[in-house]
Number of protein chains: 2
Amino acid sequence: MKPTPVYQRIADDLRQAVADGTYPPGSKLPTENVLTERYETSRATVRQGLGVLVNEGLVEPRRPQGYFVIEHKRLVYRPQAEFRRRPPAVDIFTNLVAEYDGRAPSQDIEVSIVEPTQMVRDRLGLEAGELVAARRRVRKLDGTAYNLNDSHVRLSLVQGTDWMTPADVARGTNAVLAELGHEIVYALHEFYLRMPSPQEAQRLNLGAGVPIAEHYATGFDADETPIQVTVSIVPGDRHVIVFDSYRDRENSDQPRIPWGAP
Amino acid sequence: MKPTPVYQRIADDLRQAVADGTYPPGSKLPTENVLTERYETSRATVRQGLGVLVNEGLVEPRRPQGYFVIEHKRLVYRPQAEFRRRPPAVDIFTNLVAEYDGRAPSQDIEVSIVEPTQMVRDRLGLEAGELVAARRRVRKLDGTAYNLNDSHVRLSLVQGTDWMTPADVARGTNAVLAELGHEIVYALHEFYLRMPSPQEAQRLNLGAGVPIAEHYATGFDADETPIQVTVSIVPGDRHVIVFDSYRDRENSDQPRIPWGAP
DNA sequence: GAGTGGTCTAGACCACATT
DNA sequence: ATGTGGTCTAGACCACTCA
């Protein structure tokens, strides 16, 4: 039998105390110094133990006040919403906010011409060197970023159209694509789970221990040609990802994933 | 201007070196002692820097050989597969393995009678105190666990039926439910992203910095009564979550989420 | 046996927000 | 001004694997 490391015991004890309600969400944990005395160890060891809980996303340090138990409030993230007829097709984000009361949604939009990443190139079936139009949106609630959405379309398809307007397009960008003869009728969604890069963590104001989902939504037109790839970064602590399925669906080849993963 | 902490610089430098291919997946990083000399600091600081990368899931320590860059191999996790007609409805897991070559799938099944968690109780609409049958499966590939699936049904519904057989049911457990007059025709899927608990990390052999998705699949019969709730723990580094959607779907009230989140 | 990472000690100085 | 967490030092002993 090997004894449990001290820092693990500290983490386990506190995790248990959080779980059983001794420290409810939002409450304050004992300070590092108090724990150092309680466990008769050094502060470095206590910090190692608290670090475990921070990396689990269970508590957060608020300097110089102490460690606090995190409270989660999640929005519904429902990519399918864009493809429903009744109620009328609404933007994903509008739909999200509907489930959240009284908070002001906004978004920053930026349009540019870029070389696509390999992931986007694979999904749009592009030749090396071909350029895409990128429509980057930062979705915000009460001013703080909630998720990032970057849509990509072949440049030759949308150059000079409203798709590239760096502002809200009233009728929706999907309507613009439909006018161009490429209505999106089918979408394939992929979610890759990982920890954020430091840049992502900063942009989205993520605490330690908050995973993200990298969401690739590939939209196809009636000819089964891939038209648009939207890459979203979805912070795990602020969303629940939702979709539904019916057993009685006809028309179903298995969607194939002929592309590489990151 | 505040200078970047030394441990951050170490983490940033190594992350960059991994990104640009200096250390490709599977390769070995410099040892702690080498880095201690290179950065003219203490080993504790170097360890703090490496800890950042470990928590990002980018590298893993292999004692006593050093730190190595992680390589990912992902399976397709596609909850919708269970609800398709053509090709014939297949078990999720069988479908997954189809995309993975030459590895031997297996599963451990365990059936018990339990008090449901609040999440399950909410989704099945149970009274306090009502019991459920739980069918717990550990899905394995070449002997190592890949994901956990716990299905829950009202005990009164399946007691004494094949649903509770702690082994593979050839015709499938959904067929058993159909025979009982509760064919599942609609399912609502929710994904909650978080870091694993230590128990989950151990059961699934997760490295540090590997997030998981907690997947709730609630199955409804033709009367729109919730019949079955399956809770899956999906390790983020071994899966890509996939589903699709069609624009021409009729029949669509927005799915409501009237229940609490964890 | 040599070298690795894992754990731990006992100090130190700092920036920062609340009081 | 005080107390908080953030960073860092310079050691120490251990368990483990590999040559």
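Computed from a predicted structure; not experimentally measured. Per chain, numbering begins at 1; letters A, B, ... match sequence-line order.
Between the A:H152 side chain and the A:R121 main chain, no donor and acceptor come within less than 3.5 Å of each other. Formation of a donor-acceptor pair under 3.5 Å by the A:T22 side chain with backbone atoms of A:V18 is not found in this model.
Electrostatic pairing of A:E190 and A:R123 counts as a salt bridge here, judged by a charged N lying under 4.0 Å from a carboxylate O. Salt bridge A:R62/A:E60: present, at least one basic N to carboxylate O contact under 4.0 Å. With respect to the salt-bridge test (charged N to carboxylate O, under 4.0 angstrom), the residues B:R194 and B:E200 qualify.
Between the P atom of D:dT7 and the OH atom of B:Y7 lies a distance of 3 Å, rounded to the nearest Å. Rounding to whole angstrom units, CD1 of residue A:I10 and C1' of C:dT7 are separated by 12 Å. Rounding to whole angstrom units, CZ of residue A:R9 and C1' of C:dT7 are separated by 15 Å. Counting to the nearest Å, the P atom of D:dG5 and the CZ atom of A:R62 are 12 Å from each other. Atoms CZ (A:F68) and C1' (D:dT4) sit 10 Å apart, rounded to a whole Å. The interatomic distance linking B:E32 (CD) with C:dT4 (P) rounds to 9 Å, in whole Å. The distance from atom CG of B:L35 to atom P of D:dC8 is 14 Å, rounded to the nearest whole Å. B:Y39 places its OH atom 17 Å from the P atom of D:dT7, with the value rounded to the nearest Å.
Remark: A:N33 is in phosphate contact with D:dT4, judged by side-chain N or O atoms under 4.0 Å from OP1 or OP2.
Between A:F191 and A:H215, the angle of the ring planes stays under 30°, which puts this pair in the parallel group of the 30/60° scheme.
Residue A:V6 places its side chain closer to C:dC8 than to any other of C:dC8, D:dC8, D:dG6.
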Please enumerate all protein N or O atoms sitting under 3.5 Å from an N or O of nucleotides 17-19 of chain D, with distances to 0.1 Å.
none

Donor-acceptor contacts under 3.5 Å from residues 5-13 of chain B side chains, at least two apart:
{"residue": "B:D12", "atom": "OD1", "partner": "B:R15", "partner atom": "NH1", "Å": "2.9"}
{"residue": "B:D13", "atom": "OD2", "partner": "B:Y39", "partner atom": "OH", "Å": "2.6"}

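Contacts between residues 41-61 of chain A and DNA chain D, defined by a heavy-atom separation below 4.0 Å, involve A:R43, A:R47, A:P61, listed by number.
Under the side-chain contact (heavy atoms from CB on, under 4.5 Å) test applied with A:L193, the options B:I212, B:V210, B:I241 reduce to a single match, B:I241. The one candidate from A:D150, A:V138, A:N149, A:L204 that meets the side-chain contact (heavy atoms from CB on, under 4.5 Å) condition with A:I233 is A:L204.
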